[in-house]
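Both backbone and side-chain heavy atoms feed into the values below; hydrogens, waters and symmetry mates do not. Here is how names work: the chains are called A, B, and so on, in the same order as the sequence lines, proteins then strands, and each is numbered from 1.
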2 protein chains.
Amino acid sequence: MKAVAEPRGAAGVRRRLSEVIGAAAKVFAQRGYHGASTQDIADVLGIRQASLYYYFDSKEAALEAVCRDGHEAYVERLLRIARSDASASEKVAQVLLHHAAPERLDFTLVFLRERRFLPGPARKRIRALELRYERAIQRIVEQGIRSGEFRSDLDARMTTLALLGLGNSAAVWYGREPDVTPERMLRAYIDLLVRALRLTH
Amino acid sequence: MKAVAEPRGAAGVRRRLSEVIGAAAKVFAQRGYHGASTQDIADVLGIRQASLYYYFDSKEAALEAVCRDGHEAYVERLLRIARSDASASEKVAQVLLHHAAPERLDFTLVFLRERRFLPGPARKRIRALELRYERAIQRIVEQGIRSGEFRSDLDARMTTLALLGLGNSAAVWYGREPDVTPERMLRAYIDLLVRALRLTH
DNA sequence: CTCGAATTCTATTGTGCTATAGAATCGCCA
DNA sequence: TGGCGATTCTATAGCACAATAGAATTCGAG
């Protein structure tokens, strides 16, 4: 899997760094942060363990990079959905679709499970990203309530957490349950949620 | 927290073992299995690190004990709910209430996050418990569908996973979100799920 | 073809952790 | 009280790991 003779422009530099972060994400996702060794990451890249320290000051810094890298793209896609002029129901569906998309699953899983092992300052930085994400979802829910599309007795905060919880659980189940395809799971989850939020008439 | 001069009958023996398992659960929940050292567990108990090996053959065995201990009680309570003659909706509510009950949270969190680090044979043994649990929930959902209480177009398997996912996410959020009390969260979750499953009329 | 920066390498240090061996202590019961 | 099993202790082996220092190599730009 080693990249042979990659051109070395500024783009090449960034790409190589992404590869390294990707390798860390893969290994952290599989073995957990503390269960993974820097040697494991180096093996994926086909380089020596010590060479990793050209890219990271420490193993913890690698974890932060994985968490940040993974979540930044996430936040961005979410904000695009939130800004669209779709109905609240459609937005909820799209949020679930994107949140539990099986691409970059390694990053998602590492973020979900391992971010708590970040040292204090790094955890705070990641937490800030997280809050933007949660608040964007909550605004969608509140929009749905205000517009009369959703039930007015919803607890917006709890509903947000439910949406996140469902999405996260989907990510966890891919790869563990062979009969669970993302399509089947997402269809069921979206259906469930939208029915639960909408006014019954 | 050290037990001073505990009487040593057969009951005392079992209780001491429970204390040791409880200490392991606490430490594994806090730091993760690989992030926790046997020294950490010994510190909680006020004994020496090596003394733990009187109770366990290995750290992995301790993890299995925590997972088993935690989940066995879980399965038992669930089966009692399943056998009751309550309606499917009531059962779903009770399952969520019990599943996300904040007692023995350490055991739950360790089971959710760390069981995947068990070595093959042990993981298989734990997986068997898990399947009993999932199947019991799925039977409740199917009962609700057959009786006409729930929508007939539900995907019972996905619905089961949704219920589990919601319950698990609740467990994860206790202690992370200060404004989330178990009561508030469970009320919202139960309301959401029951509305989503019931026939609308 | 050469210079220099980017990248990877070799070699090593020190630390922390699991697990084992065997000695010492504790507390119940005869 | 003395013995015995249950429990905890001291001491240490042995390994895996993160991280540093500095040398060697690679590759594109000029």
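- In this structure, A:R48 does not reach the C:dA11 phosphate: none of its side-chain N or O atoms is under 4.0 Å from OP1 or OP2.
- Taking atom CG of B:D43 as the reference point, atom P of C:dG16 lies 14 Å away to the nearest angstrom.
- The distance between atom NE2 of B:H34 and atom C1' of D:dA16, rounded to the nearest whole Å, is 12 Å.
- Counting non-hydrogen atoms of neighbouring residues, nucleotides and ligands closer than 6.0 angstrom, the CZ atom of A:R68 exceeds 12 such neighbours.
- One can place CD1 of A:I47 at 12 Å from P of C:dT10, the figure rounded to the nearest angstrom.
- Not one side-chain nitrogen or oxygen of A:R16 sits closer than 4.0 Å to the OP1 or OP2 atom of C:dA6.
- The two atoms that bring B:M185 and A:M158 nearest to each other are CA-SD, 3.6 Å, heavy atoms only.
- Put simply, B:S51 has no side-chain N or O that comes within less than 4.0 Å of OP1 or OP2 on D:dT7.
- Panel note: side chain B:S152, backbone B:G148; no donor-acceptor pair is recorded below 3.5 Å.
- Counting non-hydrogen atoms under 4.0 angstrom, B:A36 reaches the backbone sugars and phosphates but no base.
- The B:Y53 side chain lies nearest to C:dT18 when the options are D:dC9, C:dT18, D:dA18.
- Nucleic acid contact class of A:A62 (heavy atoms, under 4.0 Å, all strands): none.
- Distance A:L52 CG to C:dT7 P: 14 Å, rounded to the nearest Å.
- Crowding of A:R132 atom CZ: a count of heavy atoms from other residues, nucleotides or ligands under 6.0 Å not exceeding 12.
- Checking the phosphate oxygens (OP1, OP2) of D:dT8, no side-chain nitrogen or oxygen of B:Y54 falls inside 4.0 Å.
- At C:dT18, one or more side-chain N or O atoms of B:T38 fall inside 4.0 Å of OP1 or OP2 (strictly under the cut-off).
- Between B:Q49 and B:V20, the residue whose closest nucleotide on DNA chain D is further toward the 5' end is B:V20.
- Between A:F117 atom CZ and D:dA18 atom C1' the separation is 17 Å, expressed in whole Å.
- B:K59 places its NZ atom 12 Å from the C1' atom of C:dA19, with the value rounded to the nearest Å.
- Spacing between atom CG of B:L45 and atom P of D:dC9 amounts to 10 Å, rounded to whole angstrom units.
- B:K91 places no side-chain N or O within donor-acceptor distance of the main-chain N or O of B:I140, the cut-off being under 3.5 Å.
- In terms of position on DNA chain D, the residue among A:G35 and B:A50 whose nearest nucleotide sits closer to the 5' end is B:A50.
- Two residues, A:Y55 and B:S58, neighbour DNA chain C, and the one matched to the more 5' nucleotide by heavy-atom proximity is A:Y55.
- Side chain A:Q39 to base D:dA18: no donor-acceptor pair is found below 3.5 Å.
- B:L17 has its CG atom 11 Å from the P atom of D:dT8, to the nearest Å.
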